[in-house]
S.K.: 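Once you've had a glance at the structure underneath, I'll fire off some questions.
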Amino acid sequence: MPANHINTTGANTSGWGLIAGNGRFPFLVLEGARSQGIDMAVIALKEEASPDLERIATRLHWVSLGELSKTIELMHSEGVTQAVMAGQVKHNKIFSTIRPDWKLAKLLFSLPRKNTDALIGAVARVLEDEGIRLVDSTLFLKPLVPEAGMLTRRAPDEREAADLTYGLTVARQIAALDIGQTVVIADRACVAVEAMEGTDETIMRAARIADGKPLVVVKVSKPKQDMRFDVPVVGLPTIEQMRKCGATALGVDAGRTLFFDRAQVIQLADVAGIAIQAFAPTELTGEFPGMNEE
C-alpha cells in the first residue's frame, strides 16, 4: 500500500465482499477498494451483473436473483464480514421475475410493504444476523459524491431556478412516498414523475408531453436515504438524454448523489449548456409558495 494512502474505511482490509448488480457501479467500487489495498470477494447477480466482472475480480461467484441462502453461504466461505451492495437491480425484476429460495420466500411473506426498500432492508437485517454488515455503498467513492454548490460553469437562470425550487419540493414529497426520486418540471408544473422505468425514460416521457417546452430535471434522495442501497446516480447517459430532450438544468441532493464519470459528466453538461446544482438535503423542504392554492 502506498505510503501516502489514506484508508477511508478505517477498517481492516480483509473480510470485504461486494454484491454486484448492473452498470458501472460495481466496477467503480472494486477499483476504489483496490486502491485502498482491499481485495473484495464478489457475489454477482446473473440476471444483472456484467460478465466483464470476471476480468477484474479475483474471487467471483454467480448467483441468481432470489438465491439468498447461496449468497450467505458463499460469503461465509469467503470470510466476508462486511459487504457493499452496488449496481442496480431493476425494480420490476425484483417482484416479477425473482424465484426466491426458502429463506427469501419466508422474508417476502413477512414484509408489511412489498417495495424495493422494504425487501433490501430486510435482506440487510438477515445478513447482519449472519455476521455480515452491509455498509454505505459510496464508502469507496467519496470523490464522486458532490458537496452543495454549482457543479457547472453556468448557473441556473431565473426560470430554471424557480423550476428547481418547485421541483425539489415536489420530488422530496414523492420520494417520501417511495414512488420515485426524479421529477421533470416545465414552467413550475410537474410534467413527469419517475416510477419504475428509471430517470432517463422519465425525461424522455416528459419531453413528449412538454412538446418543445424547456425542461428542468430534479433528482433527490429519500428523506431517510439508506446509503447502503438505491443511492441516486447521475451518469453520462442522463446528461445526454437531457440534451436530446431539451432539459436545461439539473438539481440533485448534495452528499447523497453519485456522479459516475464525474469530470466527463460536468464537461458534457458544460458543452450542452446544462446547469447542474447540488442542494443540501435540508434545503427547500417546505411547500413552494402557491403549491396548494386553488
S.K.: Who are the salt bridge (Lys or Arg N to Asp or Glu O under 4.0 Å) partners of R262, not counting sequence neighbours?
M.R.: none
S.K.: Applying the side chain to side chain contact (heavy atoms under 4.5 Å, CB included) test to V183, which of V193, T202, V217, V220 qualifies?
M.R.: V193
S.K.: How many angstroms lie between CG in L134 and CE in M85, if you round to the nearest 0.5 Å?
M.R.: 5.0 Å
S.K.: Give every residue pair that meets the salt bridge (Lys or Arg N to Asp or Glu O under 4.0 Å) criterion with at least one member in residues 242-258, sequence neighbours excluded.
M.R.: R172-D253, E240-R243
S.K.: Which residues pass the salt bridge (Lys or Arg N to Asp or Glu O under 4.0 Å) test with E160, sequence neighbours left out?
M.R.: R154
S.K.: Are T248 and L215 packed together at the side-chain level, in the sense that at least one heavy-atom pair is separated by less than 4.5 angstrom?
M.R.: no
S.K.: Run the side-chain contact (heavy atoms from CB on, under 4.5 Å) test against E54 and tell me which residues pass, sequence neighbours left out.
M.R.: L60, W62
S.K.: I need the full list of ring-ring contact (aromatic ring centres under 6.0 Å, His included) pairs touching residues 181-218, with sequence neighbours left out, sorted by first then second residue.
M.R.: none
S.K.: Apply side chain to side chain donor-acceptor pair (under 3.5 Å) to the pair T199 and T182, showing each step before the final yes or no.
M.R.: CA-CA 6 Å; T199 301; T182 301; 3.3 Å; yes
S.K.: With sequence neighbours excluded, tell me which residues meet ring-ring contact (aromatic ring centres under 6.0 Å, His included) with F260.
M.R.: F25
S.K.: Taking only residues two or more places apart in sequence or in another chain, which ones pass ring-ring contact (aromatic ring centres under 6.0 Å, His included) with F259?
M.R.: none
S.K.: If the condition is salt bridge (Lys or Arg N to Asp or Glu O under 4.0 Å), which residues does E31 pass it with, not counting sequence neighbours?
M.R.: none
S.K.: Sequence neighbours excluded, which residues qualify as salt bridge (Lys or Arg N to Asp or Glu O under 4.0 Å) partners of D52?
M.R.: R55
S.K.: What residues form a side chain to side chain donor-acceptor pair (under 3.5 Å) with R24, not counting sequence neighbours?
M.R.: D261
S.K.: Using distance only, find each side-chain donor-acceptor pair of residues 72-79 under 3.5 Å and give its atom names and separation, not counting sequence neighbours.
M.R.:
{"residue": "H76", "atom": "NE2", "partner": "E130", "partner atom": "OE1", "Å": "3.1"}
{"residue": "S77", "atom": "OG", "partner": "L74", "partner atom": "O", "Å": "2.7"}
{"residue": "E78", "atom": "OE1", "partner": "R59", "partner atom": "NH1", "Å": "2.7"}
{"residue": "E78", "atom": "OE2", "partner": "H61", "partner atom": "NE2", "Å": "2.7"}

S.K.: Which atom pairs, one a donor and one an acceptor, fall under 3.5 Å between side chains of residues 263-275 and the rest of the protein, sequence neighbours left out?
M.R.:
{"residue": "D270", "atom": "OD1", "partner": "R153", "partner atom": "N", "Å": "2.9"}

